[in-house]
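Just below is one structure, and these are the notes that go with it.
Given the structure is predicted, the values throughout are model-derived calculations rather than measurements. Letters go in sequence order (proteins before strands), and every chain restarts at 1.
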Amino acid sequence: MTEPGRLAVRKTYKLYIGGAFPRSESGRSYAVTSSKGDFLANASRASRKDARDAVSAARKAFPGWSGATAYNRGQILYRIAEMMEGRRAQFVDEVVAADGVSARKAGELVDAAVDRLVWYAGWSDKIGVIQGAANPVAGPYFNLSTSEPTGVVAVVAPQEGPLLGLISVIAPVIVTGNTCVVVASERAPLPAITLAEVLATSDLPGGVVNLLTGRLAELAPWLASHMDVNAVDLTGCPEELAVSCEQDAAENLKRVLRPSGKVDWLAEPGIERMTAFLETKTVWHPIGV
Amino acid sequence: MFEYAPAPESRDIVDIRPSYGLFINGEWVDSLGDEREKTINPATEEVLSEFAIASDADVDRAVSAARKAYESVWGRLPGRERAKYLFRIARLIQERARELAVLESLDNGKPIRESRDVDLPLVAAHFFYYAGWADKLGYAGFGRRTADGQSGADPRPLGVAAQVIPWNFPLLMLAWKIAPALACGNTVVLKPAETTPLTALAFAEICRQADLPPGVVNIVTGAGATGQALVGHPDVNKVAFTGSTEVGRMIARTVAGSGKKLTLELGGKAANIVFEDAALDQAVEGIVNGIFFNQGHVCCAGSRLLVQESIETELLDALKRRLATLRLGDPLDKNTDIGAINSAAQLAKITSLSEAGEQEGAERWSPSCPIPEKGFWFPPTLFTGVAQSHRIAREEIFGPVLSVLTFRTPAEAVEKANNSPFGLSAGVWTEKGSRILWMADKLRAGVVWANTFNRFDPTSPFGGYKESGYGREGGRHGLEAYLDV
């Protein structure tokens, strides 16, 4: 009789809300399979109530995070990159399982995700300079435009690119001071939850990023119509769902980002994903003695 | 109160036709439909003229004229040539400023002092400002990259812009819409409000005087249905709307999924916050300017006065003394401070919200103020004892009605100021610099006026947070709405 091999200790994949890892309040889960169809894990199937809890956590975290210095936010994003680098092997395994790519290709994708975070980290105290202006008004007034985060952003992460795509939609939202609720790729949600474990240990205040796994068609409409959400990124929504979400978003005039065409996640992203969730505030003051 | 002899501006300078068609493809054309509407002088209820209600088929004609002009001329014209057309228009406006000011006051009811000294100078300045951008778009900070990561060409226009504007600043809103659109290389179909079409129709004449190529600017008059047909037209690339949040929501829903670029400048319920250390006389002037400028028909009006509890009595006494000196009456009189309410419908809305204020328990006050017999008028009004839950503290009244609330600490002032679905503007009055900056930082509003109120400039971006809409008009930021970036 051969000695039995050591039985692996599997991970329970849960949601990430307000810095904690709850299961769905609904008690539901769904089976996640690899690209080959093998069972990987049961992921939480978030409910409307979970989505609302996540929005309320994001709202609660907004004053602190938007009020943090840009330098501080930049350091925390860089810290997330450091923590990801340390878990590189785990991410590579998960991307291989989810996408069925080679370990080498998965390594490239994980590296690109880490580099993307570093790229955005550096923007924290620079985007304001690019977007702001001292306006030469025709009168004795000091007039200054600065950019401010929009608020709570609901993000539908892309279905493809469970890690690089995910990082590429979260980083530009939070680097400027927004907080967010993210619906992970429905098909491949596991890297998102592993990322949540990274976020939880990167000095990122709880509630800045909240991650939900589950059925996109069930969750997205609740977020798009939620009156305390200020903006939606519909990148991961299929066409029909995106249109109805855009209509729902009109109710409280949410800002809507919906990229046209397929996005190349490996290309340098540009600043559009940041500016989509920035407001311009202009302050006037008389000049005089 | 001083006695003033009447000093009316002569209306001989304007030449209003008895009837207007639509301005499509550089020509005056009759509507394909048979609906017409009258526009009246709200100060006298005298009919000024008659105009066409553009039908769906008219809108379609206008959009195809704009499309053709975009593809054959305007979209290909070098920026420096577009610039010269816009400079020309700016000069024509300056030359005809007095005429346009009188026309605006006749059609809208606003005092000539405001149309002459605020609206018209800003209209000309806006065209002058965006004229200068037309050949410098490559420097505006948009469109740095192309797909291959290389430094790209100048950013491209969007195409045909559908623009719907309100009645409170008819010509100024036209300038805010048309100047940046044309500077960026778009062509436009603009619908003025149904109660104030005349200055937009006069602007059509200016386009002809400037030899602007046909179809670059098209003006279709009409009401809500015309606006709906315009923003919903499938061959439009860009929709820009200024008006109520309610209509803004409808437009956002209509445009959803179409890929049209949308900017919305909607309602507001601005807090004007006065601290105990403020220069009180200046603050009183600022409060008056904030809510009684243009009869309070201003989306960014300071309609909620938040006054620090310790100076409430003193400030209100001073404010009431000042309100008693405001002169309400003939908009064309150069001494008039408060003109006519723009329409019977708007007067009814202001009246009903004011009644709601009384019913909900707030205390109403107006100075004794003779009201002309004809026309639509509402005296300057303030409400004290207003709670945050009152309708007059939450809903946009869009009239000369001020709701007064109090606060004790800066944090409470911020809390109350931000307690609104709107976020267009705010005012802060204090002599303490660090407090101004702290307040400006905490207020969730697109424009913050500190120790001043209701200032506008073409170089200064304007637009709201939250349900006050999205996108900015004015400044470099205003270009983004009209570029494919």
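Ranked by non-hydrogen atom pairs under 4.5 Å with chain A, the options B:Gly475, B:Ala450, B:Gly474 are led by B:Ala450. By number of non-hydrogen pairs under 4.5 angstrom with chain B, the leading residue of A:Val256, A:Val137, A:Leu144 is A:Val137. Interface remark: of the candidates B:Leu264, B:Leu443, B:Val255, B:Val428, B:Leu443 forms the most heavy-atom pairs closer than 4.5 Å to chain A. Between chain B and the options A:Val243, A:Val283, A:Thr146, A:Leu234, heavy-atom pairs under 4.5 Å are most frequent for A:Val283. Ranking B:Gly463, B:Gly471, B:Gly469, B:Ser468 against chain A, the residue ahead of the rest is B:Gly469, based on heavy-atom pairs under 4.5 Å. Interface summary for chain B: among A:Arg258, A:His285, A:Gln247, A:Lys254, the most heavy-atom pairs under 4.5 angstrom belong to A:His285.
Within the 4.5 angstrom heavy-atom criterion, only backbone atoms of A:Ile130 (N, CA, C, O) approach chain B. Contact of A:Thr150 with chain B is made through the backbone alone, with heavy-atom distances under 4.5 Å. In this structure, chain A has no heavy atom under 4.5 Å from any part of B:Leu262. Contact annotation for B:Leu266: only side-chain heavy atoms (C-beta onward) come within less than 4.5 Å of a heavy atom of chain A. Both the backbone and the side chain of B:Arg249 come within contact range of chain A, judged by heavy atoms closer than 4.5 Å. Of the two parts of B:Phe456, only the backbone, made up of N, CA, C and O, holds a non-hydrogen atom closer than 4.5 Å to a non-hydrogen atom of chain A. Interface residue A:Asn252: backbone and side-chain heavy atoms are both found under 4.5 Å from chain B. Within the 4.5 angstrom heavy-atom criterion, atoms from both the backbone and the side chain of A:Thr280 approach chain B. Contact of A:Ala242 with chain B is not made at all, since no heavy-atom distance falls under 4.5 Å. Neither the backbone nor the side chain of A:Phe142 comes within contact range of chain B; no heavy atoms are under 4.5 Å apart. Using a 4.5 Å cut-off between heavy atoms, B:Ala426 does not touch chain A at all. For B:Pro421, no part lies under 4.5 angstrom from a heavy atom of chain A. Heavy atoms of B:Ile251 lying under 4.5 Å from chain A are absent altogether.
Other residues, nucleotides and ligands place no more than 12 heavy atoms under 6.0 Å from the OH atom of A:Tyr78. In the displayed structure, B:Glu431 atom CD is contacted under 6.0 Å by more than 12 heavy atoms of other residues, nucleotides or ligands. More than 12 heavy atoms of other shown residues, nucleotides or ligands fall within 6.0 angstrom of atom CG in A:Asp264. The environment of CH2 in A:Trp265 is crowded: more than 12 heavy-atom neighbours from other residues, nucleotides or ligands sit within 6.0 Å. The environment of B:Glu412 atom CD is dense: over 12 non-hydrogen atoms of other residues, nucleotides or ligands sit within 6.0 angstrom. Counted within 6.0 Å of NZ on B:Lys416, heavy atoms from surrounding residues, nucleotides or ligands total more than 12; the atom is thus considered enclosed. Sparse packing is recorded around NZ of A:Lys49, with 12 or fewer heavy atoms of other residues, nucleotides or ligands lying under 6.0 Å away.
Between the NZ atom in B:Lys466 and the CE atom in A:Met227 there is a gap of 11.5 Å [rounded to 0.5 Å]. Atom OH of B:Tyr470 is separated from atom CG of A:Asn230 by 13.0 Å, given to the nearest 0.5 angstrom. Between atom NE2 of residue B:His477 and atom OG1 of residue A:Thr275 there is a gap of 10.0 Å, rounded to the nearest 0.5 Å. Rounded to the nearest 0.5 Å, atoms CG (B:Asp457) and OG1 (A:Thr282) are 11.0 Å apart. To the nearest 0.5 angstrom, A:Asn135 atom CG is 5.0 Å from B:Ser460 atom OG.
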Begin with the C-alpha distance, continue with both residues' side-chain angles, and end with the deciding distance and a verdict on side chain to side chain contact (heavy atoms under 4.5 Å, CB included) for A:Glu246 and B:Arg253.
CA-CA 7 Å; A:Glu246 236 186 283; B:Arg253 220 172 279 128; over 6 Å; no

Hey, mind stepping through B:Val447 and A:Trp284 against side chain to side chain contact (heavy atoms under 4.5 Å, CB included) and telling me if it holds?
CA-CA 8 Å; B:Val447 183; A:Trp284 294 65; 3.9 Å; yes

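A salt bridge is absent between A:Glu279 and B:Arg444; no separation between the charged side-chain nitrogens and carboxylate oxygens falls under 4.0 Å.
Residues B:Asn451 and A:Pro286 come closest through the heavy atom pair O-CG, 3.3 Å. Across all their heavy atoms, A:Leu253 and B:Ala252 have their closest contact at CD1-CB, 4.3 Å.
Panel note: side chain A:Lys281, backbone B:Gly464; no donor-acceptor pair is recorded below 3.5 Å.
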